[in-house]
Amino acid sequence: MDIARRGRPVALGALGVVTVLVAWQLIRVTDTLPENSLPGPIPVLRNLPGLLVSAEFRSGLLDTLWTWALALGLATVAGVLVGALSKAIPGLAAPTSVAVDAFRSVPSTALIPIFILLLGLGTGMKMAVAVYAIVWPILINTIYGLSGVEPTRIDAARSMRFSWLRTQLVVALPSALPSIFTGVRIASGAALVVVISTELLGALNGVGTVLVAYQRAGRADYVIAGTLIVGVVGVFVYAAITWLEDHIVKWKSVD
């Protein structure tokens, strides 16, 4: 029974993939869209091995993942630090809330021209755009998690004369980890989307620039094959973050 329950999500996922492939093939058979815009699934799937061994594609994908990892790490440090300070320093919570509401309403892609002027077209620009886009959910979830810490734990730390830093590291942040990880999980997927979007709109390197080159060459089959690979990578990234959350946050409630 337990095996059947665990295998159900896999079966449903496989059914979804098969459904998409069948619908895709029907579009091709009925010639709903021109073949040069949407090739059939067989030509696209046939190109997957070639892309995986392509030095250009692999280099672009690794560059994108490296930028994603740097942006997620920097945003996590910044979001947790600012969130902890806003909860610890009286009078800082209100200005932080106003700043979050103001800045997170500005689309990160709208700032790409500004970041290009400041940082050029390299990795720094992509990382800056991604950090700006994803720091807000981490910050908000950190503040929310710290707000839920039991006051008796803080009082006990004070009675033992813990410093502010030690109180945060030993008492407050561990208690807020479930909420913080929720923010990181949300930000991880958004970061990958933002990095690739930045590469598509204007960058010197990354998998997005490779896809743009294929699109300009009229190779829709390679564009779709590359997009499928990026999608699979995104699924594994999300699964890895979820696995890390489940194993680090031992008291996370089980759905």
Side-chain angles (χ1 to χ4, degrees), residues 5-14 16-17 52 57-84 87 100 103-104 107-109 123-124 126-149 168-169 172-200 203 206-208 211 226-255:
R5 187 172 66 250
R6 291 181 180 180
R8 186 177 181 183
V10 177
L12 290 175
V17 171
L52 291 174
F57 185 84
R58 284 186 300 167
S59 175
L61 183 59
L62 289 175
D63 183 89
T64 297
L65 292 177
W66 175 242
T67 305
W68 166 84
L70 289 176
L72 184 61
L74 184 58
T76 300
V77 172
V80 171
L81 180 59
V82 174
K87 290 299 296 180
V100 169
F103 286 111
R104 71 172 177 159
S108 58
T109 51
T123 301
K126 297 190 297 180
M127 187 171 64
V129 175
V131 169
Y132 179 87
I134 67 174
V135 70
W136 312 116
I138 299 175
L139 172 57
I140 292 170
N141 277 274
T142 298
I143 295 174
Y144 177 80
L146 291 174
S147 299
V149 178
Q168 296 301 311
L169 295 178
L173 289 178
S175 299
L177 267 182
S179 181
I180 294 173
F181 258 106
T182 298
V184 172
R185 181 159 34 87
I186 295 171
S188 66
L192 191 59
V193 172
V194 171
V195 170
I196 295 176
S197 299
T198 305
E199 293 169 351
L200 293 171
V207 72
L211 295 179
T227 303
L228 290 177
I229 293 174
V230 171
V232 172
V233 170
V235 170
F236 278 105
V237 164
Y238 186 85
I241 296 293
T242 303
W243 180 88
L244 192 63
E245 178 183 3
D246 290 339
H247 284 75
I248 290 181
V249 186
K250 299 296 184 182
W251 56 90
K252 177 179 178 293
S253 54
V254 179
D255 294 333

To the nearest 0.5 Å, how far apart are CD1 in Ile138 and OG1 in Thr182? 11.5 Å
Which value, rounded to the nearest 0.5 Å, describes the distance between Ile241 atom CD1 and Phe181 atom CZ? 7.5 Å
d(Leu200 CG, Leu211 CG) to nearest 0.5 Å is 6.5 Å
Roughly how far apart are Ile196 CD1 and Thr227 OG1, rounded to 0.5 Å? 8.5 Å
Ile180 vs Asn141 side-chain heavy atoms within contact, under 4.5 Å: no
In Å and rounded to the nearest 0.5 Å, what is the CG to CG distance from Leu192 to Leu72? 10.5 Å
Do Val131 and Leu70 have side-chain heavy atoms sitting under 4.5 Å apart? no
Could you state the interatomic distance from CE (Met127) to CG (Leu74), rounded to the nearest 0.5 Å? 6.0 Å
Pro137 versus Ala133, closest heavy-atom pair with distance: CD-O, 4.2 Å
Can you tell me how the ring of Phe103 sits relative to the ring of Trp136, calling it parallel under 30°, perpendicular over 60° and tilted otherwise? parallel
Can you name the nearest heavy-atom pair linking Ala75 to Val135, along with the distance? O-CG2, 3.7 Å
Shortest non-hydrogen contact from Ala191 to Trp68? CB-CD1, 3.5 Å
ring-ring contact (aromatic ring centres under 6.0 Å, His included) filter on Phe57, not counting sequence neighbours, yields none
Which residues share a side-chain contact (heavy atoms from CB on, under 4.5 Å) with Ala130, sequence neighbours left out: Ala71, Val194, Val195
Go through the structure and list residues passing side-chain contact (heavy atoms from CB on, under 4.5 Å) with Tyr144, not counting sequence neighbours. Ser179
Any sub-3.5 Å donor-acceptor pair from Thr67's side-chain atoms to Lys126's backbone N or O? no
Heavy-atom pair with the smallest gap, counting every atom of Gly83 and Thr142: CA-CG2, 4.1 Å
